[in-house]
Amino acid sequence: MKREKHSKATMEEIKSKYPPQKSSLIPLLQECQNRFGYLPKMVMEDIANFLNMPSSKVYGVATFYAQFRLEPLGEHTIKVCHGTACHVKGADRVNDSIESVLNIKSGETTDDGLFTFERVACLGCCSLAPVMMVDDTVYGDLDREKVKKVINRFRGDSE
Amino acid sequence: MKIMLGYASCGIAAGAAEVEEVLKKEINKSGIEVDYRRVGCVGMCHNEPIIEIEDDGVRYTYGNLEIEDVKKIVEEHLKKREPYRKKLVVPPEQEYDYFSKQKKIVLQNSGVIDPEDIDDYIQKGGYDALQRVLNEMEPGDVIEEIKNSKLRGRGGAGFPTGLKWQFAADTPSDKKYIICNADEGDPGAFMDRSVLEGDPHAVLEGMAIGAFATGADEAYIYCRAEYPLAIRRLNIGIKQAEQRGYLGDNILGTDFSFHVHVKEGAGAFVCGEETALMHSVEGERGMPRPRPPFPAQKGLFGKPTNINNVETWANVPWIINNGAEAYHSIGTEKSGGTKVFALAGKIRRGGLVEVPLGTTLREVIFDIGGGIEGEAKFKAVQLGGPSGGCLPEEYLDTPVDYETLTEAGAIMGSGGMVVMDENDCMVNVAHYFLDFTQKESCGKCTFCRVGTKRLLEMLERFSKGEGSEEEIERLRSLASKIKSYSLCGLGQTAPNPVLTTLRYFYEEYDEHIKDQHCRARICRPIITYTITDDCVGCTRCVEECPADSIQGEKGSKHVIQQGMCVKCGACFEVCPVKAVEVE
């Protein structure tokens, strides 16, 4: 996924789309994260000034919601579903395979910056359990072999 | 000839995008004129990807398709006009028993119409109800009709919808809001996603009717960010409805105006609670507040607000079109209509099912779902996600209704129904849900914030084979305090999965703490993997073991070094001759 670098100009462009009121806070954070991949401190301070609120408040909201990240993401994000159906069908095993293939724990990014690996609550594809999502694509009925295959495909893409 | 491809999230995950590419190419190559469309979830997730063909009024459903099958379908069915029998889900002359006990109201259009084309919806009678309401009814009549239908909140709590509308209508104010709660957070539930992806206009029409009845002119749909396709289709739907004059200013030439916005959630389970959700729309941390004042008096931005769940809204147009009596006659005395369930887990035919309220769990799981997948026996069904409970076999004949399920210790909930078999450990399931609610607690109330953490620690000890009967008693007592002293539904229901498993599966807790035994062989600290004499020495497990705990040369029997084993089960999974045992 392509990500932009944050600059004064892009921030101005983003801010111009939202009225400077409290209810714009979450949509602003969402758009910034979509474009930059995460929420740099400067971006949060900029938003705080724009909405005329303390930056601690912006930080408070950004850390309350699971969606927001304060650290840059890898090129691809792998989300392993830990919904109920996936749990009973072996989400832990999928988790283990990814940990061992990528050699990182959930919440971490690989050294080469290629993958970030996260656990998520439910992707809503319960009948295909266990599932994971790489970027925007869902992969279902996973086992060890399939997990490896999918990850290798993405490794190949980036070479 | 009409060709429909199931193109909802689950279909796409199963490969609908690849199927579409080949299908379009083959149709083009053949030069045959067909009416092709993408439709929402057909409900048969177990058969995805799915193509349906309507030919001379007969409907052919093809399922579990591979790329080769798609070519065959074009070759046989489209060109030679011969159905490709090998991949028909059932022959068209036969009724599929998956559907025979279902009754489709909310899902009537899902999988039938193109959700991105308003004309498809209108052709099926869409927006007739709104027209009728605006031309022939007073707001009070609409509320009466909804009250008489006995429609109750499908988000889980089951509050009578008509009464809720009445409260909002009765509060005088210059501004009122409508909210559609699409923050479907229960793990194991995907009903709302499917409705939004398959029939977004039904939800929008229901909301417009609700706005007219309560006197609101603006609405927010609060949808999970994890549902990008639903959000996209909602935005398309809103735009199309505005162009046709079903939403916006002076709807259908009347003085009724109604504007709808979509708000993306940001990943907080507690935002399913209505006051937390409203705080989130306002740009705050999504934390609940005490009620009263109820949202109907003081809601979003301090104005009277009526908030209902996706499925509740989607029922409204049907009720107006067919009458309250017809709706009420489908359900039970106290609750009218149907309920959509997301059937998943160890089930043969998982998917989206809609049944009249009062249908028994056995009918849903065995008659519709086809029973347990594989050889193992049924153990429990989990209803209502982290707020619900696990019911054992003895409760399978319980009719699905708000009161009966609550009595049994579970709840109707939003509609997640996860089936578990003998290979699932109930202590582990309780731990799983507590782990979820403990992480999702917003931290406002002490009993929820600290209490769930303490409960989780106790469950962790049980799953390690530690703990005692006294500790189970302590757990029970703490659980009841969390229920009593938490402000919102999250804390009030968080102990339910623990309490129901204790009530129905006590012997499993007992085995864990007394015998350090997990009968389902799930709890890692108290299970052991060993390699039997059947080992052929292929070294597959040696390569796979992430802890390098297996030793052995090619051709000789391998041995697991117990001290190093992390019990991940990788060897068990990859062994080609099933020589790895777990006890």
Side-chain angles (χ1 to χ4, degrees), chain A residues 21-31 33-34 51 53 57-58 60-68 79 81-93 95-97 99-101 103 119-129 131-133 136-141 143-145, chain B residues 9-10 12-14 45-46 48 184-190 193-194 224-228 263-269 280-287 301 342-347 350-351 382 385-386 416 418-421 423-424 429 432-433 436 440 442 544 546 566 568-570 573-574:
Chain A
Q21 61 197 28
K22 204 174 72 181
S23 60
S24 302
L25 174 57
I26 293 173
L28 267 166
L29 293 173
Q30 284 169 328
E31 174 153 5
Q33 171 153 306
N34 278 341
L51 299 179
M53 56 172 69
K57 176 120 196 171
V58 176
V61 169
T63 49
F64 181 83
Y65 294 97
Q67 185 187 26
F68 298 120
K79 292 180 178 153
C81 177
H82 283 267
T84 318
C86 288
H87 178 76
V88 301
K89 292 196 125 185
D92 281 339
R93 288 201 297 272
N95 216 78
D96 286 347
S97 334
E99 283 185 3
S100 79
V101 174
N103 209 8
R119 296 166 64 105
V120 294
C122 188
L123 294 170
C125 297
C126 310
S127 354
L128 301 165
V131 304
M132 66 177 182
M133 190 159 156
D136 282 329
T137 315
V138 176
Y139 298 87
D141 283 322
D143 55 30
R144 223 160 260 277
E145 285 306 308
Chain B
S9 289
C10 43
I12 298 171
C45 305
H46 56 284
E48 295 283 359
E184 185 172 55
D186 282 8
F190 53 93
R193 190 206 71 204
S194 304
R224 285 181 87 194
E226 287 88 339
Y227 292 172
K263 272 267 175 189
E264 257 181 65
F269 176 66
S280 181
V281 175
E282 291 168 4
E284 300 269 355
R285 294 166 73 110
M287 289 165 116
F301 303 116
L343 194 54
K346 308 283 178 66
I347 187 99
Q382 209 284 340
V418 181
V419 177
M420 299 174 188
D421 68 12
N423 299 318
D424 292 304
V429 167
Y432 163 79
F433 282 114
F436 177 84
E440 293 293 343
C442 78
E544 204 64 45
V566 292
C568 69
E573 261 182 81
V574 298

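Proteins come first, then strands; the chains are lettered A, B, ... in the order of their sequence lines, and each starts at number 1.
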Any donor and acceptor pair, going by atom type alone, linking the side chain of Y65(A) with main-chain N or O of G286(B) inside 3.5 Å?
-> yes
Full working for side chain to side chain contact (heavy atoms under 4.5 Å, CB included) between F436(B) and H82(A) = CA-CA 9 Å; F436(B) 177 84; H82(A) 283 267; over 6 Å; no
Top of A13(B), S9(B), G569(B), G350(B) for chain A proximity - count of heavy-atom pairs under 4.5 angstrom = A13(B)
For F269(B), is it the side chain, the backbone, both or neither that has a heavy atom under 4.5 Å from a heavy atom of chain A?
-> neither
Side chain / backbone / both / neither for A121(A) at chain B, heavy atoms under 4.5 Å | both
Salt-bridge test for K57(A) and E284(B): reply yes if a basic N is under 4.0 Å from a carboxylate O, no otherwise.
-> yes
A14(B) versus chain A, heavy atoms under 4.5 Å apart: side chain, backbone, both or neither?
-> both
Examine whether an atom of S100(A) lies under 4.5 Å from a heavy atom of chain B, and if so say whether it belongs to the side chain, the backbone or both; otherwise answer neither.
-> side chain
Examine distances only and state if a side-chain atom of Y432(B) and a backbone atom of H87(A) form a donor-acceptor pair shorter than 3.5 Å.
-> no
Where does E573(B) contact chain A at under 4.5 Å (heavy atoms): side chain, backbone, both or neither?
-> side chain
Contact part of S280(B) toward chain A, heavy-atom cut-off under 4.5 Å: side chain, backbone, both or neither?
-> both
Looking at A129(A), S127(A), A85(A), P27(A), which has the largest count of heavy-atom pairs under 4.5 Å with chain B?
-> S127(A)
Determine the minimum heavy-atom distance between E544(B) and R144(A), stating which atoms define it.
-> OE2-CD, 3.6 Å
Can you say whether E145(A) sits under 4.5 Å from chain B via the side chain, the backbone, both, or neither, judging by heavy atoms?
-> side chain
Proximity breakdown for V418(B) and chain A, heavy-atom pairs closer than 4.5 Å | side chain
Measure distances from V574(B) to the heavy atoms of chain A and classify the residue's part below 4.5 Å as side chain, backbone, both or neither.
-> side chain
Proximity breakdown for R285(B) and chain A, heavy-atom pairs closer than 4.5 Å | both
